[in-house]
**Student:** 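My questions will all concern the structure given below.
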2 protein chains.
Amino acid sequence: MPATQPDRRTASKAARRQAIIDAALGLAREHGRHGFSVDLLAQRADVSRRTVFNHFSSLDDVLLAAHTQVMDVLIDDFDRRSAATPVGDGSLASVFDELGAALRVIDLVGPMATLTHLLDGLDDDDEAGQRLVREVMHRTTARLAADIARRSPGADELDIDLLVHSLVGGLVVLHAHWSARTGAADDAASRLVWADLLDRLITTVRNGYR
Amino acid sequence: MPATQPDRRTASKAARRQAIIDAALGLAREHGRHGFSVDLLAQRADVSRRTVFNHFSSLDDVLLAAHTQVMDVLIDDFDRRSAATPVGDGSLASVFDELGAALRVIDLVGPMATLTHLLDGLDDDDEAGQRLVREVMHRTTARLAADIARRSPGADELDIDLLVHSLVGGLVVLHAHWSARTGAADDAASRLVWADLLDRLITTVRNGYR
DNA sequence: TGCACTCAGTGCACGCTTGCACTTAGTGTA
DNA sequence: TACACTAAGTGCAAGCGTGCACTGAGTGCA
């Protein structure tokens with residue numbers, strides 16, 4: 001972020017883009033990914049439908065941006081906690097424990113519920129949805145791995161990539177189970193289910209398969 | 001107002017112009033007419049200073065629009081009450097009584113307080129301020145007279161003009177006295193003073209000087 | 001199977017905002 | 001009295017939003 005405020009033109013453009021993303025998240029939460037049109041999105045965002053396409057190349061592009069933003073918020077939260085945590089001894093075990101501890105503390109249920117709506121009705125035949133998931137997974141793991149590498153310069157890059165993929169891939173599997181059991185609700189009961197599933201993931205990956 | 005909604009472009013332009021007027025009223029209320037600059041106005045209205053001059057030819061033009069709007073709201077109120085009141089016998093006395101009754105019921109203290117700030121520090125040497133008052137007085141009396149004439153087609157136009165000028169001119173005199181006595185405050189005590197002064201005006205003009 | 005309809009996405013022109021450099025008037029001070 | 005400063009107001013060009021007509025893909029129905 002530059003030290004000075006962006007000018008009004010830049011700020012206005014960014015605000016309008018954000019309004020479109022917020023509208024997409026709101027509509028997805030209410031209707032699921034398939035339940036809204038460009039017209040509804042534009043109306044909710046208080047822009048013209050042409051403006052939606054000035055900012056995004058397609059509706060899928062809007063969903064990707066919405067998805068990425070949800071993940072970015074999680075990674076921002078992780079980065080803030082890391083910055084406030086003493087650096088470990090640089091070992092992979094230490095890195096893993098830090099990430100595992102963060103996953104336990106960060107609110108994942110809210111974003112999970114949101115992502116469930118964004119991926120409403122996703123199945124193997126849904127090419128656009130599958131492409132969306134792959135893109136988001138790629139961006140998320142790349143960013144997280146880069147942040148961790150920056151924090152532990154001595155660690156091997158491949159090791160970090162594998163670690164991150166293990167955990168993030170595990171989260172995807174967890175999401176499927178959690179969603180099946182709770183209907184992707186965001187309440188106290190579903191949070192208990194999530195905490196239990198998460199503990200099993202962290203313990204399993206931490207201990208490996210010896 | 002057209003039956004259909006104005007398009008987004010028209011609505012946005014009108015909203016921005018209104019934001020400038022609202023900002024002017026707010027700043028005048030806080031600092032008086034002389035206490036703010038184009039930069040402050042633009043910032044408060046959340047537009048660029050160029051945009052202020054896209055909508056208005058000068059700062060005085062903004063003040064005129066703000067002033068006119070305050071008066072228009074009062075006349076709108078008067079028109080609504082008139083529309084809900086049975087038409088009198090068309091005599092001037094009847095017209096006068098209707099106007100007098102409306103003046104007693106309509107909230108004048110709020111707008112009076114606002115206009116006092118808009119005309120902050122007005123004196124005989126303040127050419128811009130004097131021009132502003134003349135313009136607003138002209139527009140206000142013209143509009144009010146036209147509305148009354150529409151409502152009483154049989155009445156003589158000159159008679160209506162004189163009647164309206166008597167009352168509106170009297171209101172200006174009343175404002176000076178009220179302001180001197182109450183400091184243009186908008187509270188229960190100042191409202192009592194206003195009610196008393198207004199009653200004297202209406203009674204005096206109604207009875208004439210026989 | 002052809003037609004009609006809907007909706008995502010697009011090109012183009014225009015309206016309006018904004019950034020920025022500029023002029024001018026007014027004011028204060030040495 | 002001259003100079004420096006401030007702020008109102010202006011011209012021009014660029015950025016962005018919007019209106020609108022359009023194309024094409026997908027879908028449903030006779």
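The sequence lines fix the lettering, A, B, ..., with proteins before strands; numbering per chain opens at 1.
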**Student:** Given that S37(A) and K13(B) both sit by DNA chain C, which one's nearest nucleotide is further toward the 5' end?
**Tutor:**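 Looking at the nearest nucleotide for each, S37(A) comes out on the 5' side.
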**Student:** In whole angstrom, give the distance that lies between atom CD1 of I20(B) and atom P of dG9(D).
**Tutor:**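 After rounding, the gap between these two atoms is 13 Å.
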**Student:** Check the surroundings of atom CD in E157(A): do more than 12 heavy atoms from other residues, nucleotides or ligands lie under 6.0 Å from it?
**Tutor:**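 Counting other residues, nucleotides and ligands, CD of E157(A) stays at 12 neighbours or fewer.
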**Student:** Taking it one step at a time, do L63(B) and H67(B) satisfy side-chain contact (heavy atoms from CB on, under 4.5 Å)?
**Tutor:** CA-CA 6 Å; L63(B) 290 169; H67(B) 228 127; 5.8 Å; no
**Student:** Would you say CZ of R200(B) has more than 12 non-hydrogen atoms from neighbouring residues, nucleotides or ligands within 6.0 angstrom?
**Tutor:**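 No - once you tally the heavy atoms of other residues, nucleotides and ligands closer than 6.0 Å, there are 12 at most.
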**Student:** Between dC7(C) atom P and L40(A) atom CG, what is the distance in whole Å?
**Tutor:**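 It works out to 10 Å between those atoms.
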**Student:** Between dG19(C), dG9(C), dA8(D), spot the one nearest the side chain of V38(B), thanks.
**Tutor:**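 Selected nucleotide: dA8(D).
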**Student:** Under 3.5 Å, is there a donor-acceptor pair between the side chain of S152(B) and the main chain of A149(B)?
**Tutor:**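 No, because the side chain of S152(B) does not come within donor-acceptor range (under 3.5 Å) of the backbone of A149(B).
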**Student:** Can you tell me the distance, in whole Å, between the CG atom of L59(A) and the C1' atom of dC7(C)?
**Tutor:**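 So the CG-C1' distance, L59(A) to dC7(C), works out to 10 Å.
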**Student:** What nucleotide, of dG9(C), dT17(C), dA8(C), holds the atom closest to the side chain of S58(A)?
**Tutor:**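 Nearest to the side chain of S58(A) among the choices is dG9(C).
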**Student:** Round to the nearest Å and state the distance from D39(B) atom CG to dC20(C) atom P.
**Tutor:**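 Rounded to whole Å, this separation is 14 Å.
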**Student:** Nearest whole angstrom, please: distance from the C1' of dT18(D) to the CZ of R16(B).
**Tutor:**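 For the pair R16(B) CZ and dT18(D) C1', the rounded distance is 13 Å.
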**Student:** Quick check on DNA chain C: between T10(A) and F36(A), whose nearest nucleotide comes earlier from the 5' end?
**Tutor:**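 It is F36(A) whose nearest nucleotide is closer to the 5' end.
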**Student:** Among residues 47-54 of chain B, which residues get a heavy atom nearer than 4.0 Å to DNA chain D?
**Tutor:**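 Nucleic-acid contacts, sorted: R49(B), R50(B), F53(B).
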**Student:** Can you find a side chain N or O atom of R9(B) that sits less than 4.0 Å from OP1 or OP2 on dG17(D)?
**Tutor:**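 Negative; the distance criterion is not met.
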**Student:** Checking D199(B) against T203(B) for the side-chain contact (heavy atoms from CB on, under 4.5 Å) test, could you report, in this order, the C-alpha distance in whole Å, the side-chain angles of both residues, the deciding distance, and whether it holds?
**Tutor:** CA-CA 6 Å; D199(B) 197 62; T203(B) 304; 4.0 Å; yes
**Student:** Rounded to the nearest 0.5 Å, how far apart are CG of D76(B) and CZ of F78(B)?
**Tutor:**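 Between D76(B) CG and F78(B) CZ, I get 11.5 Å after rounding to 0.5 Å.
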**Student:** Indicate whether any N or O donor in one side chain lies under 3.5 Å from an N or O acceptor in the other, for D39(B) and Q43(B).
**Tutor:**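 Their side chains do not contain a donor-acceptor pair, so the 3.5 Å distance test is not met.
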**Student:** May I ask you to evaluate whether H55(B) reaches the phosphate of dT17(C), defined as a side-chain N or O under 4.0 Å from OP1 or OP2?
**Tutor:**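 Yes.
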**Student:** Rounded to the nearest angstrom, tell me the gap between atom CG in D61(A) and atom P in dA8(C).
**Tutor:**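 Atom-to-atom, D61(A) to dA8(C), this comes out as 15 Å.
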**Student:** Rounded to the Å, how far apart are L63(B) CG and dA8(D) C1'?
**Tutor:**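 The distance from CG of L63(B) to C1' of dA8(D) comes to 13 Å, rounded to the nearest Å.
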